[in-house]
Number of protein chains: 2
Amino acid sequence: MISVDPASPLGPAEQIRGQLEALIRSGALAADERLPTVRQLAVDLRVAAGTVARAYKELEEAGLVRAARAAGTRVNPGHDDGAAFAPASDLVRAARRRGLTLAEAQALVAAAWVGDDAETRPRAERPVHRFPAPGPDAG
Amino acid sequence: MISVDPASPLGPAEQIRGQLEALIRSGALAADERLPTVRQLAVDLRVAAGTVARAYKELEEAGLVRAARAAGTRVNPGHDDGAAFAPASDLVRAARRRGLTLAEAQALVAAAWVGDDAETRPRAERPVHRFPAPGPDAG
DNA sequence: CACGTTGTGTCGACCGTTTGACACAAGGGT
DNA sequence: ACCCTTGTGTCAAACGGTCGACACAACGTG
């Protein structure tokens with residue numbers, strides 16, 4: 001099931017791409033399973049065909065699907081991350097208990113990510129803001 | 001630590017808002033702690049002040065922070081979801097083991113979310129695409 | 001081979017966001 | 001009371017994404 005939320009900060013193309021990726025990684029879309037055609041999905045979601053085409057293109061560049069001219073777009077094997085799906089379900093349950101929204105739960109993931117990442121991977125040389133060390137003497 | 005990724009599908013304001021939310025929910029920014037000035041953060045991240053102001057405004061409307069004219073913007077108490085942060089860390093570890101990116105891990109959360117949600121909450125009447133039931137005979 | 005299907009690319013137009021600069025409002029420090 | 005700090009709001013202009021329609025390319029079917 002795919003839908004486009006007009007209130008999302010993400011554009012239609014990115015929403016479609018992300019939802020398809022989620023379906024593939026969760027195993028809801030099995031390997032070799034066929035995705036709807038660009039035009040069909042565009043009609044269903046009330047978006048332009050080019051928008052769906054962009055989503056498909058990015059999925060193909062990511063290696064998640066393969067696209068052939070008249071054969072349609074199909075899921076590539078090796079992307080069913082069912083193992084990592086279990087921890088994701090745990091997080092969803094915990095988030096639901098606290099009344100968090102999906103976006104808030106994803107924000108938690110982002111927080112845990114940088115907390116585990118900033119020390120290992122040196123961030124690209126992008127403009128950053130660093131907080132003054134709160135220190136143990138804070139307060 | 002906050003940074004803005006030009007390659008992200010999210011706009012600068014949304015990125016800043018999301019990262020601040022993550023810092024607050026993870027407890028990296030404690031209650032009553034002061035956020036950087038709108039202008040200061042704008043300079044650090046090389047974005048317009050109005051962009052940071054928009055992020056702060058949305059954070060305040062969400063109740064995560066309080067803004068006073070000359071006292072700056074401070075974190076509101078009661079948003080340190082440290083409990084739910086542990087499952088998020090588990091997910092991050094699992095995702096890292098599989099070589100997933102942050103966006104991919106978040107896609108897994110989205111997949112788990114709808115999987116647990118679609119059956120309980122009737123989605124708003126938005127245009128949707130439904131996949132033909134794969135059935136047990138699929139393959 | 002002929003035809004329909006499907007993915008891909010292009011084009012001008014529209015709309016939301018960001019930008020950069022500025023003025024204003026309101027609290028803090030002295 | 002004065003002035004600096006800080007958040008808020010406005011404005012025109014530039015930018016990017018989407019739209020909607022169309023033409024094209026390649027594959028499958030017959």
*Asks:* Compare the minimum distances between each of dG7(C), dG9(D), dT19(C) and the side chain of P12(B), then state the nucleotide with the smallest one.
*Replies:* dT19(C)

*Asks:* Using heavy-atom distances to pick each residue's nearest nucleotide on DNA chain D, tell me which of A71(A) and A67(B) is more 5'.
*Replies:* A67(B)

*Asks:* Nearest whole Å is fine: how far is dT8(D) P from R66(B) CZ?
*Replies:* 14 Å

*Asks:* Hey, does Q40(A) reach any base, or is it just sugar-phosphate, or nothing, if we go heavy atoms under 4.0 Å?
*Replies:* nothing

*Asks:* Indicate, with a heavy-atom threshold strictly under 4.0 Å, whether A13(A) touches base, sugar-phosphate, or nothing.
*Replies:* sugar-phosphate

*Asks:* Side chain of R39(B), heavy atoms from C-beta onward: which of dT18(D), dT19(C), dA23(C) has the nearest atom to it?
*Replies:* dA23(C)

*Asks:* Output the rounded distance in Å from CZ (R46(B)) to C1' (dT18(C)).
*Replies:* 17 Å

*Asks:* Could you give the CG-to-P distance, from L41(A) to dT8(C), as a whole number of Å?
*Replies:* 14 Å

*Asks:* To the side chain of R34(A), which of dT6(C), dT18(D), dT8(D) is closest?
*Replies:* dT6(C)

*Asks:* Please round to the nearest 0.5 Å and tell me the distance separating atom CG of L45(B) and atom OG1 of T51(B).
*Replies:* 10.0 Å

*Asks:* Report the distance from atom CD of E58(B) to atom P of dG7(D), rounded to the nearest whole Å.
*Replies:* 16 Å

*Asks:* Kindly point out which of dT19(C), dC27(D), dG9(C) is positioned nearest to the side chain of A70(A)?
*Replies:* dC27(D)

*Asks:* Could you tell me how far apart L59(A) (CG) and dT8(C) (P) are, to the nearest whole angstrom?
*Replies:* 11 Å

*Asks:* Can you tell which of dT6(D), dA25(D), dG7(D) lies closest to the side chain of R69(A)?
*Replies:* dA25(D)

*Asks:* Taking only the side-chain heavy atoms of Y56(B) (C-beta and beyond), determine which of dC27(D), dT18(D), dG7(D) contains the nearest atom.
*Replies:* dG7(D)

*Asks:* Check this one for me: any side-chain N or O of T73(A) less than 4.0 Å away from OP1 or OP2 of dG7(C)?
*Replies:* yes

*Asks:* Ignoring backbone atoms, test whether T51(B) places a side-chain nitrogen or oxygen under 4.0 Å from the OP1 or OP2 oxygen of dT19(C).
*Replies:* yes

*Asks:* Taking for each residue the nucleotide of DNA chain C bearing the nearest heavy atom, is the 5' side occupied by G11(B) or by G72(A)?
*Replies:* G72(A)

*Asks:* Over how many whole Å does the gap from R54(A) atom CZ to dT10(C) atom P extend?
*Replies:* 12 Å

*Asks:* Return the CZ to CG distance between R96(B) and L102(B), rounded to the nearest 0.5 Å.
*Replies:* 8.5 Å

*Asks:* Measure the distance from CD1 on I16(B) to P on dG7(D) and round it to the nearest whole Å.
*Replies:* 13 Å

*Asks:* Among residues at least two apart in sequence or on other chains, which ones pass salt bridge (charged side-chain N to carboxylate O under 4.0 Å, His left out) with R66(B)?
*Replies:* D32(B)

*Asks:* Which value, rounded to the nearest 0.5 Å, describes the distance between R98(B) atom CZ and R25(A) atom CZ?
*Replies:* 9.0 Å

*Asks:* Is V43(A) reachable from F131(B) through a run of hydrophobic residues whose side-chain heavy atoms are each under 4.5 Å from the next?
*Replies:* no

*Asks:* K57(B) side chain: which of dG9(D), dT18(D), dG7(D) is closest?
*Replies:* dG9(D)

*Asks:* Rounded to the nearest 0.5 Å, what's the gap from CD1 on I16(B) to CZ on R54(B)? Could you check?
*Replies:* 11.0 Å

*Asks:* Nearest-Å distance, CD (E14(B)) to C1' (dT19(C))?
*Replies:* 18 Å

